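Have a look at the structure below before the remarks.
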There are 2 protein chains.
Amino acid sequence: MEHMNIDNILNNIYPLPDQSKNLLKEKIYEITCPKAHILFKVNRIASKVYFLKKGIVRAYANPEEEEITFWFGKEGDAVLSMKSYVENQKGYETIESLEPCELYEIQTEDLKQLYNTDIHIANWGRKFAEQELIKVEERFIFRQCKTALERYKELINNDPDLLQRVQLVHIASYLGITPVSLSRIRSELK
Amino acid sequence: MEHMNIDNILNNIYPLPDQSKNLLKEKIYEITCPKAHILFKVNRIASKVYFLKKGIVRAYANPEEEEITFWFGKEGDAVLSMKSYVENQKGYETIESLEPCELYEIQTEDLKQLYNTDIHIANWGRKFAEQELIKVEERFIFRQCKTALERYKELINNDPDLLQRVQLVHIASYLGITPVSLSRIRSELK
DNA sequence: GCCATTTCTTATCATTTGATAAGTTTTCCC
DNA sequence: GGGAAAACTTATCAAATGATAAGAAATGGC
């Protein structure tokens, strides 16, 4: 997939007037990280939000017992610990890069200050949360309506490159099944 | 449970300065509805958001095939079709009262206009979406980590009155199991 | 209060998914 | 490029959940 530049990423969430966008961009820096880098560690309070320019990451919960990969981030996605971002509390997830990544970084402190002073950025932040909300809610419902096979098929259709870029262990967990079960499904489809 | 007044409901989401709160309250009206009233119908574009003063409601998806109750709203909760509210598109859920209800009602149009003109209300709207987001995300992860038995136990602990107020068919669906399976779990616990 | 209807439970059997383990393929590193 | 490690598949068996149906309990209307 192509690189995503910051203007497109910000605009895709909610178009901002130039002045507000520049306020935001003043606080944003580019960083890179290697594969298998931990961007957020569980039980920490996150101080940064990232936007993914290039690469792929996953968020997983419950690392003591059984790892649950509940989210993949790709080019253009925001990468953050939601719980930590929203409530300023310990996050329940760890976020790890699955490829070498290029990221845009902003301090949550800076972001929150902008929310309080610029109404366009406040509404941008509102839209961001709203869009993420819809995504989780839809996935929550979909998960319950559909069988593992249907969920796998849907992934193939909507996110084919994920299968090329991500280990099947993580795909399986994302689909809510075991790797063995995923293997079974894949062999049935051949 | 006690009645919830509108000031508490609004403040619990995000404390607003009096002036902003009054702007909001000017647009809010009280209504009532009987039991089994449909507040939102699937595939419609919703024009209203409610806050529940008294009563209990449920949201369910997939009404053609198998009903999936994915949310209960109680005193103090906001009642709305998220998809419709966020994207101005057809909602995937139907929302139905399970008791006679007293509600505060606001037009989404009015709300959106306030978002664009009052920064405090914009941030209130942001906080609202953020809090709802965390709730769904936590439930999504919890659903995958825990067995049906654990999920039922957690419901008993965190939401005991739900069992008194709501039919077990809906509880079962909310927990992601069949009513028969829930019965089995309940009898094992005795 | 009584009957009809709805809701809930119990029982039986089928299906799906998980757990474990062994085998195969791929990847990675020297 | 060869060998070790990791990732994936396949096979077998166990456990959890679903489907169906029949019976018990609760609810609601007259």
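These numbers come from a predicted model, not from an experiment. Proteins get letters first, then strands, A, B, ... in listed order; numbering begins at 1 in each.
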*For A/Ile177, answer base if it contacts any base atom (sugar-phosphate contacts may also be present), sugar-phosphate if it contacts only those atoms, and nothing otherwise; contact means non-hydrogen atoms under 4.0 Å.*
sugar-phosphate
_NZ or CZ of B/Arg58 within 45° of B/Tyr60 ring axis and under 6.0 Å_ = yes
*At under 4.0 Å between heavy atoms, what does B/Arg184 touch on the DNA or RNA strands: base, sugar-phosphate, or nothing?*
base
*Calculate the interatomic distance between A/Glu67 atom CD and D/dA7 atom P; express it in whole Å.*
11 Å
*Length of the NZ-P vector between A/Lys146 and C/dT16, whole Å*: 16 Å
*N or O in side chain of A/Ser183 less than 4.0 angstrom from D/dC8 OP1/OP2*: no
*Is any side-chain nitrogen or oxygen of B/Thr178 closer than 4.0 Å to OP1 or OP2 of D/dG18?*
yes
*Taking the side chain as C-beta and beyond, is there a heavy-atom pair between A/Leu98 and A/Arg165 under 4.5 Å?*
no
_I want to confirm an ordering. Mapping B/Leu149 and A/Val166 to their closest nucleotides on DNA chain D, which one lands closer to the 5' end?_
A/Val166
_For B/Tyr92 together with A/Phe142, are the ring centres under 6.0 Å from each other?_
no
*Establish, yes or no, whether the cationic atom of A/Arg139 lies under 6.0 Å from the six-membered ring centre of A/Tyr174 and within 45° of the ring axis.*
yes
*Mind calculating the distance between CG (A/Leu168) and P (C/dT25) to the nearest angstrom?*
16 Å
_Considering every strand and a 4.0 Å limit on heavy-atom distances, what is the contact class for A/Val180: base, sugar-phosphate, or nothing?_
base
*Of B/Gly176 and A/Ser187, whose nearest nucleotide on DNA chain D comes first from the 5' end?*
A/Ser187
*How long is the line joining OH of B/Tyr152 and C1' of C/dT9, in whole Å?*
13 Å
*Could you tell me the separation between the CG atom of A/Leu189 and the P atom of D/dT10, rounded to a whole number of Å?*
12 Å
*Choose from D/dC8, C/dT17, C/dT10 the nucleotide whose nearest atom is closest to any side-chain atom of A/Val169.*
D/dC8
*Over how many whole Å does the gap from A/Leu175 atom CG to C/dG18 atom C1' extend?*
16 Å
*asked:* On DNA chain C, compare the nucleotides closest to B/Leu182 and A/Thr147; which residue's is nearer the 5' end?
replied: B/Leu182
_Output the rounded distance in Å from CD (A/Glu188) to P (D/dT9)._
13 Å
*Side chain to side chain, A/Asn123 and A/Tyr14, heavy atoms closer than 4.5 Å*: yes
*Whole angstrom value for the distance that separates C1' of D/dA26 from CD of B/Gln167*: 11 Å
